[in-house]
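All remarks here apply to the structure that follows.
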Amino acid sequence: MESKYNPTDIEARWYQYWLDNKLFHSEVPGDQAQGTESKQAPYTIVIPPPNVTGVLHMGHVLNETIQDILVRRARLEGKNACWVPGTDHASIATEAKVIKRLKEQGINKSDLTREQFLKHAWDWTDEHGGIILKQLRKLGCSCDWDRTAFTMDETRSKAVIHVFCDLYRKGLIYRGLRMVNWDPERQTALSDEEVIYHDEHSKFYYLRYKVAEPGVTNPETGADYAVVATTRPETIFGDIAVCINPKEEKNQWLRGKHVIVPGVGRVIPIIEDRYVEIGFGTGCLKVTPAHDVNDYALGQKYNLRTIDIFTPDAHLNMDTVEPELQPNVRKYHGMDRFDCRKQIVEDLRAMDLVEKVEDYDNKVGYSERTNVPIEPRLSLQWFVRMQHFADIALPPVMNDDIVFYPAKYKNTYRNWLENIKDWCISRQLWWGHRIPAWYDADLLAQTGLEDYPEDKILVCEEDPNQMVNGTCPNGKWVQDEGALDTWFSSWLWPISLFDGIEHPDNKEINYYYPTADLVTGPDIIFFWVARMIMAGYEYLGKMPFKHVYFTGIVRDKLGRKMSKSLGNSPDPLDLIERYGADGVRMGILLSAPAGNDILYDDSLCEQGRNFCNKIWNCFRLVKGWEVNDQMVNDQMVNAQAIAWFEAKLGETEAEIADLFSKYRLSEALMAIYKLYTDEFSGWYLEMIKPAYQQPIDRPTYEATLAFFDRLLRLLHPFMPFITEELWQNIYERKAGESIMIATEHDNETATRRQRDDNETVLQAVENLKEIVSGVRNIRASKNIPPKESLTLCFAGADTYAYADLLRKLANVDLANDCTNANAAKFIVGTVEYAVPLDKFINVDEELKKLEADLAHQQGFLRGVMAKLSNERFVQNAKPEVVELERKKRSDAETRIAALQSAIQALKG
RNA sequence: GGGCGUUUAGCUCAGCUGGUUUAGAGCGUCUGCCCUACAAGCAGAGGGUCUGCGGUUCGAAUCCGUAAACGCCCACCA
């Protein structure tokens with residue numbers, strides 16, 4: 001065996017072995033297992049489906065590693081673990097990629113029919129789709145690949161269409177003309193959740209709106225105009241009124257008047273509404289109902305017309321402006337909205353219609369996907385009524401039927417549900433599930449889409465033109481052009497993966513649902529988590545999962561989000577190549593407590609790799625020993641070591657179980673890490689290690705292999721590859737055996753029974769370790785090599801239970817009394833230990849050390865005495881606390897006395 | 001503008017309902033070691049008035065109040 005662990009071949013080999021032996025595969029227990037007690041408990045996780053054309057990034061590594069740990073742990077606990085993988089069609093993101101590729105080939109989307117475009121999209125999906133799933137295998141993910149699903153495959157698509165029709169019939173889906181968030185780049189509506197607001201330094205433009213009535217002037221300034229402040233001067237072409245607050249003193253002179261939109265010439269009325277905030281800006285608000293949500297509301301209230309001045313890609317469309325005003329505005333036709341903003345301000349300035357321009361900080365909404373400023377736009381869209389869903393989804397989280405880790409996200413969740421708005425689910429895209437709504441072709445031709453009567457819309461699962469005895473009164477039906485929001489399929493994921501929408505009582509859904517844990521980022525708590533809970537209760541009357549583990553965001557070590565543009569995101573496959581999958585898994589997990597952002601640094605993977613190497617070498621050491629069946633010497637030492645490590649291992653196993661139950665995975669891994677490096681490797685193996693080229697006795701060897709077996713199983717969920725490799729080599733294994741399913745917990749009950757004994761053993765060995773450290777400390781400070789034997793004197797040395805271990809570990813002889821005054825001394829517990837060192841001792845140094853220790857002890861004693869001499873403490877504190885303080889006092893007094901006599905002796 | 005969270009060693013974090021020998025871990029730092037399992041290692045050491053202030057209590061990193069800094073989420077002041 002090499003002295004360094006080399007992961008590459010080993011990982012590939014075992015992953016293939018696991019696949020060959022179908023160890024990731026899960027099935028509903030067969031009918032032969034009818035008896036309830038033989039029915040294996042399920043443990044289910046559904047993967048948050050990555051974008052079908054995506055590639056693995058560090059966020060995935062974190063997320064999928066956590067899921068794999070949970071799944072592998074459950075499998076080792078004997079559960080029927082099922083981790084369902086799949087991908088998401090990600091309509092807007094994928095469509096953008098396809099369009100970009102077509103463009104590179106010189107093809108415009110607008111030149112293609114829907115069918116042609118979809119052909120290209122499917123080609124792309126088949127070509128690049130699932131790359132990310134292949135990458136997950138490199139990480140060691142134990143997904144049941146036989147179940148791989150896609151949000152647009154047949155089962156999932158049917159579920160989506162079914163749910164749309166069902167909700168429409170229940171009155172929970174409606175079509176309406178609303179102000180929506182419009183993405184001018186992709187030319188589609190977005191939901192509120194897909195808009196991200198950024199702070200911006202922009203300008204506040206104060207524009208002059210001349211009063212139409214001649215002779216009317218501002219009584220204070222004499223000006224014949226009203227001043228309107230706006231951040232968006234390019235929208236003045238759509239101005240339809242100016243609104244003032246009826247209570248605002250300074251604008252009273254404008255009541256009932258009209259003003260002229262600057263540079264446009266439209267005469268518009270002054271209207272009055274309390275919505276306008278007194279004291280903000282000039283108190284005059286321009287009302288542009290087609291391009292602002294609030295203005296739209298005002299427009300509705302006062303029955304104002306809307307003038308939509310933008311094309312779908314947010315260029316100026318002057319055709320909508322009145323014919324008589326065309327000469328004034330024609331030059332802006334076809335301009336980009338931001339170019340127009342500059343131009344109109346310049347032009348108005350030239351006409352002396354700009355009062356002033358101020359700096360102004362505001363928030364601008366951007367499209368999450370295309371990163372262009374969204375445009376509020378009036379359009380006909382489909383919506384889900386959300387109040388009903390909020391009502392069914394709030395209670396289970398608030399009363400912890402579904403538990404969030406960390407719990408703080410309960411607040412976020414509640415806040416959103418209590419202020420829920422309807423969900424815009426239609427998108428003007430082709431890649432996605434097409435909305436199953438049909439319009440009568442003849443009627444549509446007469447009315448147009450906007451005025452098409454609501455009650456003549458046909459919503460049904462199948463194409464009405466194909467139906468044999470369809471409900472179509474006559475002629476042809478035309479399908480709605482829109483597709484559905486991707487999340488409208490994602491919210492069904494835990495159900496549709498088991499075909500639970502169309503067949504809600506099937507064997508699989510009944511067995512696997514509700515799933516156990518959901519692992520995801522808090523950024524999609526509204527997009528996905530909340531909506532899955534809604535769908536779960538609506539369609540199965542049950543929660544979709546019992547626990548939600550929110551991961552943090554992976555950042556670089558400077559705390560910056562990882563992004564392509566910063567180039568600070570390492571390629572996970574490259575990391576796996578350099579550190580091994582196990583090393584990367586450990587690296588990403590180490591400082592990732594639930595909900596905390598993780599500051600990623602390569603050095604963490606390095607620590608993971610080093611740990612692998614450590615384990616590898618422990619194994620090398622043990623397997624390198626020659627075993628002697630006749631040997632019985634060293635029994636005392638080894639028996640004590642085994643008893644101690646047995647206790648230590650049992651203690652840590654319990655600790656790990658507790659940490660898992662709290663989803664504190666990084667702490668669990670750290671506990672295992674310390675168990676291996678400190679306790680097992682640093683102490684246990686040193687205790688039992690035979691002298692150079694000496695054999696080891698059979699019982700000790702077997703006990704050590706058994707420990708190794710348990711240690712590997714404990715670590716396996718975190719580091720699957722190296723643990724499988726070593727586990728396979730501890731003993732002869734049969735074909736098809738694997739650590740993945742090594743569920744036996746041999747010594748656990750025995751360990752539990754002896755808990756009290758264990759406590760004694762653990763404490764005794766901790767004491768032993770401190771004595772050994774004391775001696776090593778003296779060696780280090782005096783430059784005495786470990787090979788040189790020393791004498792250690794302390795009271796009761798001749799009856800000390802761990803004398804042999806102490807001799808072996810510290811390389812010392814023991815004596816009861818120290819006759820040599822020149823000795824280095826230290827205290828463990830209340831016992832004084834002395835190492836005679838006449839040729840090395842430096843009296844001044846020793847004195848200094850002892851006096852520092854004495855001062856510390858005396859300070860400590862003062863603190864204890866302060867408490868004990870306080871009557872109120874003795875009266876009020878719990879008796880055991882007082883008792884403890886008394887013990888502290890007597891211990892401290894003993895130590896002080898010992899130190900003082902040691903100092904005396906040195907000075908002596 | 002609301003709401004939530006964080007602030008403990010150089011870095012990243014534990015420390016749950018106040019009392020466990022006057023605060024712990026990993027990494028990093030410093031010192032000494034290539035001692036045949038491992039230098040991707042071993043042994044040892046140093047390092048914190050627990051963000052400030054005030055309060056409750058016999059006792060506060062821990063509970064309450066307050067200030068500051070940072071972070072996140074939500075919200076239609078043009």
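A, B, ... follow the sequence lines: proteins, then strands. Residue 1 opens every chain. Note: hydrogens, waters and symmetry copies are ignored here, and every other heavy atom, side chains too, is used.
Taking the C1' atom of each, B/rC73 and B/rU17 are spaced 29 Å apart, rounded to whole Å. Nucleotides B/rG44 and B/rC35, compared at atom C1', are 16 Å apart to the nearest Å. Nucleotides B/rU66 and B/rG5, compared at atom P, are 14 Å apart to the nearest Å. B/rC70 and B/rA78 are spaced 23 Å apart, taking the P atom of each and rounding to whole Å. The separation of B/rU6 from B/rG15, taken at their C1' atoms, amounts to 16 Å, rounded to a whole angstrom. B/rG46 and B/rG10 have their C1' atoms separated by 12 Å, given to the nearest Å. Comparing B/rA68 with B/rG26, their C1' atoms sit 30 Å apart, to the nearest whole Å. A gap of 39 Å separates the P atoms of B/rG48 and B/rG3, to the nearest Å.
To the nearest angstrom, C1' of B/rG26 lies 13 Å from CG of A/L589. Distance A/E418 CD to B/rA75 P: 14 Å, rounded to the nearest Å. Between A/E880 atom CD and B/rG18 atom C1' the separation is 14 Å, expressed in whole Å. Here the C1' atom of nucleotide B/rG3 and the CG atom of A/L417 are 15 Å apart, to the nearest Å. Taking atom OH on A/Y197 and atom C1' on B/rC72, their separation rounds to 18 Å, with Å as the unit. Distance CZ (A/F860) to P (B/rG19): 15 Å, rounded to an integer number of Å. Spacing between atom CG of A/N245 and atom P of B/rA78 amounts to 17 Å, rounded to whole angstrom units. Look at CD on A/E885: it is 10 Å from C1' on B/rU20, rounded to the nearest Å.
In the set B/rC58, B/rA37, B/rC27, the nucleotide with an atom closest to the side chain of A/E686 is B/rA37. Of the candidates B/rC77, B/rC58, B/rG26, B/rC77 carries the atom nearest the A/E277 side chain, counting heavy atoms from C-beta on. Considering only the side chain of A/L884, B/rU20 comes nearest among B/rC27, B/rA37, B/rU20. Checking B/rU12, B/rG26, B/rA78 against the side-chain heavy atoms of A/Q607 singles out B/rG26 as nearest. With distances taken from any side-chain atom of A/N294 to the nucleotides B/rG26, B/rG32, B/rC76, the minimum falls on B/rC76. With B/rC42, B/rA40, B/rG26 as the choices, the nucleotide that has an atom nearest any side-chain atom of A/N613 turns out to be B/rA40. Nearest nucleotide to the A/N362 side chain, out of B/rA14, B/rG19, B/rA78: B/rA78. Across B/rC76, B/rA45, B/rA78, the shortest atom-to-atom separation from the side chain of A/N777 is found for B/rA45. Taking only side-chain atoms of A/R664, from C-beta outward, the nucleotide of B/rA14, B/rA37, B/rG19 with the closest atom is B/rA14. Side-chain atoms of A/Y275 lie closest to B/rC76 of the nucleotides B/rA37, B/rC76, B/rC27.
A salt bridge does not link A/E845 to A/K848: none of the charged side-chain nitrogens sits closer than 4.0 Å to a carboxylate oxygen. In this structure, A/K4 does not pair ionically with A/E2, as no charged nitrogen and carboxylate oxygen lie closer than 4.0 Å. Classification of A/E667 and A/K662 as a salt-bridged pair fails, no side-chain N sitting under 4.0 Å from a carboxylate O. Under a 4.0 Å N-O distance rule, the pair A/R895/A/D853 does not qualify as a salt bridge. For the pair A/D678 and A/K674, the salt-bridge criterion is not met [side-chain N within less than 4.0 Å of a carboxylate O].
Across all strands shown, B/rG41 pairs with B/rC33; the Watson-Crick or G-U wobble distances both stay below 3.5 Å. B/rC16 is unpaired under the Watson-Crick or G-U wobble criterion, no partner having all donor-acceptor distances under 3.5 Å. B/rC77: no Watson-Crick or G-U partner with both key distances under 3.5 Å is found in any strand. If you check B/rG5 for Watson-Crick or wobble pairing at under 3.5 angstrom, you find it paired to B/rC70. As the counterpart of B/rC63, B/rG55 is assigned, both hydrogen-bonding distances of the Watson-Crick or G-U wobble pattern falling under 3.5 Å. Across all strands shown, B/rG10 is found opposite B/rC27 as a Watson-Crick or G-U wobble partner, with both distances under 3.5 Å.
For A/R776, no side-chain nitrogen or oxygen approaches OP1 or OP2 of B/rU31 to under 4.0 Å. Look at A/S773 and you'll find a side-chain N or O under 4.0 angstrom from OP1 or OP2 of B/rG44. Phosphate proximity of B/rC58 to A/N876: present, with a side-chain N or O under 4.0 Å from OP1 or OP2. At least one side-chain nitrogen or oxygen of A/K689 sits closer than 4.0 Å to the OP1 or OP2 atom of B/rA37. A/K410 has no side-chain polar atom (N or O) that falls below the 4.0 Å cut-off from OP1 or OP2 of B/rC4. OP1 or OP2 of B/rA78 has not a single side-chain nitrogen or oxygen of A/Y206 nearer than 4.0 Å. For B/rC38, the OP1/OP2 oxygens have no side-chain nitrogen or oxygen of A/Y5 closer than 4.0 Å. The side chain of A/N610 contributes an N or O atom lying less than 4.0 Å from OP1 or OP2 of B/rG41.
Each of A/E194, A/H198, A/E200 was compared with A/Y366 under the side-chain hydrogen bond (donor to acceptor under 3.5 Å, both in side chains) criterion, and only A/E200 meets it. The only member of A/Y701, A/Y676, A/Y684 that meets ring-ring contact (aromatic ring centres under 6.0 Å, His included) when paired with A/F707 is A/Y684.
Residue side chain A/K614 reaches the base of B/rC38 through a donor-acceptor N/O pair under 3.5 Å, judged by distance alone.
If you find the closest nucleotide of RNA chain B to A/R895 and to A/P786, the one lying nearer the 5' end belongs to A/R895.
Stacking here means ring centres nearer than 5.5 Å and ring planes tilted less than 30 degrees, and by that measure A/F873 does not stack onto B/rC58.
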Might you work through the ring-ring contact (aromatic ring centres under 6.0 Å, His included) test for A/F680 and A/F619, ending with a clear yes or no? CA-CA 11 Å; A/F680 185 64; A/F619 184 82; over 10 Å; no
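The closest side-chain donor-acceptor pair between A/D192 and A/N181 falls under 3.5 angstrom.
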